[in-house]
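Predicted model, so just to flag it, every value in this text is computed and none were measured. Excluded from the calculations below are hydrogen atoms, water molecules and symmetry mates; all remaining heavy atoms, backbone and side chain alike, are included.
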Amino acid sequence: MGASSRSTCPQCGREAVLGPDNPARPFCSARCKVLDLERWLTGAYRVPGPPVDTSTLEGEGPRRDDDTDEPKGDEET
């Protein structure tokens with residue numbers, strides 16, 4: 001079988017197994033993996049960079065699913 005190395009969990013700092021025995025790697029547990037994902041999704045982690053000038057962005061906002069250029073099948077043309 002493959003050898004497993006050990007490292008520190010980036011979420012809690014406990015020891016984490018980095019081999020195939022740990023499906024949550026590089027985290028120590030599924031809980032730490034989910035906590036890290038939550039931080040990304042809530043914006044707690046951010047990639048540094050210059051501020052975005054939203055006035056130069058195209059469009060008028062986020063696109064909705066029903067916001068298409070094609071006519072729907074039930075509309076008359």
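Nearest heavy-atom pair across V17 and N22 is O-ND2, 2.8 Å.
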Which pairs of donor and acceptor atoms, one on a side chain in residues 44-55, lie under 3.5 Å apart (sequence neighbours left out)?
| unit_1 | atom_1 | unit_2 | atom_2 | d |
| --- | --- | --- | --- | --- |
| Y45 | OH | D36 | OD1 | 3.0 |
| R46 | NE | G43 | O | 3.1 |
| D53 | OD1 | S55 | N | 3.2 |
| D53 | OD1 | S55 | OG | 2.7 |
| D53 | OD2 | S55 | OG | 3.2 |

Distance-only donor-acceptor pairs under 3.5 Å for side chains of residues 9-16, two or more places apart:
| unit_1 | atom_1 | unit_2 | atom_2 | d |
| --- | --- | --- | --- | --- |
| E15 | OE2 | R6 | NE | 3.4 |
| E15 | OE2 | R6 | NH1 | 3.1 |

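Summarising the hydrophobic clusters (Ile, Leu, Val, Met, Phe, Trp, Tyr; side-chain heavy atoms under 4.5 Å, direct or chained), the residues clustered with L37 are L41.
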